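Each remark here refers to the structure printed beneath this line.
Source: prediction; values computed, not measured.
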Amino acid sequence: QVEALKAKLLEQAQEIGRLRSELGGTDAEKHRDLLAAENERLRQEMKACEGELRELRRQQQAPCRDCTHLQENAELQERLSQLQREAEETRAKLAELDLEVQQKTNRLAEVELRLKDSLAERAEEEERLSRRLRDSQETIASLKSQPQQIKYIIKTVEVESAKAKQALCESQSRNQYLQEQVGMQRQVLKEMEQQLQNSQKTVAQLRAQIMMYEAELERAHGQMLEEMQAMEEEKNHAIEEAFSRAQVEMKAVHENLAGVRTNLLTLQPALRTLTQDYNSLKRQVRDFPLLLQETLRNARAEIGQAIEEVHSTNRELLRKYRRELQLRKKCHNELVRLKGNIRVFGRVRPIMKEDGEGPEAANVVTFDADDDAVLHLLHKGKQVSFELDKVFPPQASQEEVFQEVQALVTSCIDGYNVCIFAYGQTGAGKTYTMEGTAANPGINQRALQLLFSEVRGKAADWDYAISVSAAEIYNEALRYREEERLPGGASRAAGELASAGITPRCSPHPTSPALASQLVFEFGHINRATECTNLNEHSSRSHALLIVTVRGLDRSTGLRTTGKLNLVDLAGSERVGRSGAEGSRLREAQHINKSLSALGDVIYALRSRQGHVPFRNSKLTYLLQDSLSGDSKTLMMVQVSPAEKNTSETLCSLKFAERVRSVELGPVSRKAELASWPSQEQLEVTKGPLGDSPGTAAAPGRGHASPSPGQLSSRAASIRRKLQTSG
Ligand code: ADP
Ligand code: MG
């Protein structure tokens with residue numbers, strides 16, 4: 001039995017040894033170590049790769065900012081990061097595997113420890129058993145020697161061997177358990193190997209991937225290097241270019257500098273001369289006040305002398321000027337005398353509705369296209385021509401008429417007396433010419449306006465006073481229809497003026513244009529007496545006067561002037577039928593006749609330089625005495641109607657006009673006409689039945705009355721005498 005037990009023990013020991021070798025604990029450990037080492041190496045490699053990658057990325061970031069490969073780079077980076085992610089995952093898996101391996105190793109170590117324990121237990125047991133075996137063998141030997149004793153001992157051995165058998169049985173069951181354990185361990189090992197193989201495969205795959213990434217990285221790196229090189233080249237090129245340009249510029253600057261240097265060299269002498277000049281100027285400035293004082297003294301003396309001279313010259317000039325002024329006036333008077341200071345204009349009004357229709361309203365007046373002083377009248381189938389100083393056709397405007405008159409108007413500023421008469425039958429346009437309409441004013445308003453504006457224009461040298469008054473002569477009686485309105489605002493009663501005749505008061509000239517225009521408005525239209533219900537009828541039997549007096553003082557010379565402008569709208573010149581006129585009508589007609597004849601007489605006497613001028617024969621001539629005598633100027637505006645029914649009156653008016661004109665203008669040869677001045681009554685007589693007029697019969701071209709030979713010679717002689725004395 002002992003032998004068997006020994007054998008069994010041995011067998012078990014062998015079994016344990018075999019199990020140990022079979023377990024290959026050391027091999028598995030070795031494999032695991034290997035794997036760990038491999039892992040470590042891979043990790044190192046990866047770290048190196050990452051470092052390189054970082055480096056590359058840094059390089060990439062710096063120079064290649066604006067490069068065209070940026071996109072590619074970005075892609076590469078993305079892939080790189082992807083790869084890194086994968087590598088990370090792999091690493092995590094590896095770590096997991098490591099952990100597992102570690103756990104298994106731990107478990108193996110545990111199993112080994114337990115195995116060792118059980119082996120140690122078994123060895124103890126064996127030793128214990130072998131000791132007991134020896135003891136029992138000794139006992140057996142002693143027993144053999146001592147048979148009784150042996151019997152007893154055998155009995156105990158038998159008992160004891162039963163015990164050993166039981167222990168053996170136990171150890172066998174233990175063995176069984178251990179074997180099971182080993183089997184299990186082997187299974188675990190196999191699984192682990194399997195796992196190891198798997199992880200090795202994964203590692204291989206990862207390595208391949210890493211290799212691929214590396215290749216890609218290499219490629220990207222190469223590309224980047226190439227780009228960097230290209231950029232470097234570009235940079236170098238640019239630098240070279242800039243350098244060469246800078247060199248050229250430097251050269252130019254050097255040249256400029258050289259020019260400036262030479263300029264400086266030339267400027268230095270100029271500066272020297274300038275400095276010298278400056279010094280001399282300084283000296284001069286120092287001396288200047290003295291010089292100036294000296295010069296001023298001299299200049300003052302010279303100026304004083306010059307002023308004295310100018311003063312005396314001025315005095316002399318003023319004296320001469322005054323003399324010249326008088327001379328000029330004399331000359332002007334002479335000129336006017338020679339040219340004729342009675343001017344006669346004719347104005348024909350247009351045909352109007354009032355003229356009616358049919359042959360009565362036919363136009364009988366025609367004009368000469370080339371001569372604006374000639375007018376033709378169709379009378380009884382014959383054309384009679386008249387020559388005046390100027391003829392205004394129906395279409396002539398108020399303005400055109402005034403233009404011809406305005407020189408006359410302004411001459412009263414120079415101190416002349418002026419008379420403008422409107423003559424003609426009632427309805428021929430006298431009032432229209434003198435007063436006009438509100439929209440189209442006549443001579444009165446325009447004359448006033450002109451005078452005021454002229455006076456304003458001369459205000460720098462002259463003081464002027466303008467006074468205006470309006471009067472009316474009806475049946476040889478004078479009445480003032482308007483109070484005299486003075487520019488200063490003062491007024492005088494009508495009666496006072498009437499008794500004083502027309503002696504307008506001197507007043508300061510109107511400085512306010514508003515006041516002037518008010519005056520113009522108020523006196524522009526003379527409202528005549530309205531005793532008669534028919535205003536027009538009344539106006540045709542009275543003379544309306546607007547009298548403007550202009551007084552001037554030349555402040556520099558002290559010269560005083562007084563001019564009077566008389567604007568007269570005469571009573572109608574038509575002949576009142578000798579038969580049928582009675583009472584007041586007859587008296588009116590007589591008065592009109594008388595005053596118009598008296599006007600004619602006065603003009604005649606003046607022009608023929610008669611010693612006696614019959615001013616007193618009518619109120620009108622008496623009133624205008626100042627303005628008709630001396631170097632005064634007269635304009636007769638003869639108004640006619642062009643209508644057929646007015647032919648005889650038109651003829652009379654034109655004859656009157658021509659006679660007035662011829663008084664003055666006629667040369668010696670025409671003096672004959674001077675003698676033919678008829679009185680208004682005579683006019684009527686000669687006009688009577690128009691065809692009977694000797695003038696018209698004798699001279700068809702000119703409606704002149706024939707003179708008596710006796711009158712002719714004496715008057716012509718008188719005129720000649722006058723002309724000689726004045727000449
Ligand atoms: P008188 O004063 O000679 O009697 P008016 O001046 O009263 O005549 O004129 C009579 C009419 O003829 C008025 O209605 C006037 O407006 C008109 N008249 C006169 N002359 C002209 C003219 N040149 N242009 C237009 N109308 C005129
Ligand atoms: Mg009238």
Side-chain angles (χ1 to χ4, degrees), residues 342 344 419-426 428 430 472-478 540-545 566 568-579 581 584-625 627-629 632 634-640 648-664 673-690 692-696 703-708 711 715:
I342 288 193
V344 183
C419 285
I420 299 175
F421 296 102
Y423 179 97
Q425 77 171 111
T426 299
K430 296 185 297 294
E472 185 194 67
I473 298 169
Y474 176 69
N475 278 354
E476 284 304 291
L478 174 72
S540 71
R541 288 179 189 92
S542 66
H543 308 302
L545 292 92
N566 301 279
V568 189
D569 183 355
L570 289 168
S573 64
E574 63 272 10
R575 294 150 297 158
V576 179
R578 275 159 298 163
S579 58
S584 67
R585 287 297 296 270
L586 186 65
R587 213 176 74 230
E588 274 177 357
Q590 283 167 348
H591 281 310
I592 293 162
N593 266 336
K594 190 182 152 203
S595 62
L596 289 179
S597 322
L599 181 65
D601 289 343
V602 165
I603 289 173
Y604 168 75
L606 283 170
R607 293 304 150 229
S608 55
R609 309 270 194 282
Q610 288 178 1
H612 172 70
V613 181
F615 288 115
R616 287 176 172 273
N617 280 2
S618 80
K619 202 81 182 178
L620 180 70
T621 48
Y622 180 60
L623 197 66
L624 296 179
Q625 186 171 348
S627 303
L628 288 169
S629 54
S632 63
T634 301
L635 170 73
M636 189 69 81
M637 181 71 79
V638 177
Q639 298 281 153
V640 295
S648 69
E649 286 299 336
T650 303
L651 194 68
C652 277
S653 295
L654 289 172
K655 274 181 183 171
F656 176 84
E658 214 172 44
R659 276 177 206 133
V660 170
R661 182 175 171 262
S662 62
V663 166
E664 219 279 331
E673 292 160 346
L674 285 173
S676 70
W677 184 259
S679 71
Q680 190 72 11
E681 289 86 354
Q682 279 174 316
L683 249 177
E684 281 199 25
V685 171
T686 49
K687 274 186 277 177
L690 279 157
D692 299 342
S693 165
T696 43
H704 296 147
S706 49
S708 79
Q711 281 176 315
R715 277 177 191 166

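- Residues L620 and L570 have side chains in contact (heavy-atom distance under 4.5 Å, counting atoms from C-beta outward).
- Here NZ of K430 is found 13.0 Å from CE of M637. Values are rounded to the nearest 0.5 Å.
- Checked by atom type and distance alone, the side chain of Q639 pairs as donor or acceptor with a backbone atom of A428 at under 3.5 Å.
- V638 approaches A657 most closely through the heavy-atom pair CG2-CB, 3.4 Å.
- Taking 4.5 Å as the limit, every side-chain heavy atom of C419 sits out of range of all side-chain heavy atoms of V568.
- The CZ atom of F656 lies 5.5 Å from the CG atom of L599; values are rounded to the nearest 0.5 Å.
- Shortest non-hydrogen contact noted between P614 and T621 is O-OG1, 4.1 Å.
- Residues that satisfy the side-chain contact (heavy atoms from CB on, under 4.5 Å) test with S595, not counting sequence neighbours, are E476, H543, S618.
- E574 and T426 get closest at one heavy-atom pair: OE2-OG1, 2.5 Å.
- The one candidate from K619, H591, E588 that meets the side-chain hydrogen bond (donor to acceptor under 3.5 Å, both in side chains) condition with Y474 is E588.
- Rounding to the nearest 0.5 angstrom, the gap separating the CG atom in L623 from the CD1 atom in I473 is 5.0 Å.
- R541 has its side chain within reach of I592: a pair of non-hydrogen atoms, C-beta onward, lies under 4.5 Å apart.
- For the pair L596 and S573, the minimum side-chain heavy-atom distance is below 4.5 Å.
- Here CG of N475 is found 10.0 Å from CD of Q590. Values are rounded to the nearest 0.5 Å.
- Two residues are said to be in side-chain contact when any heavy atoms from C-beta on lie closer than 4.5 Å; L545 and L624 meet this criterion.
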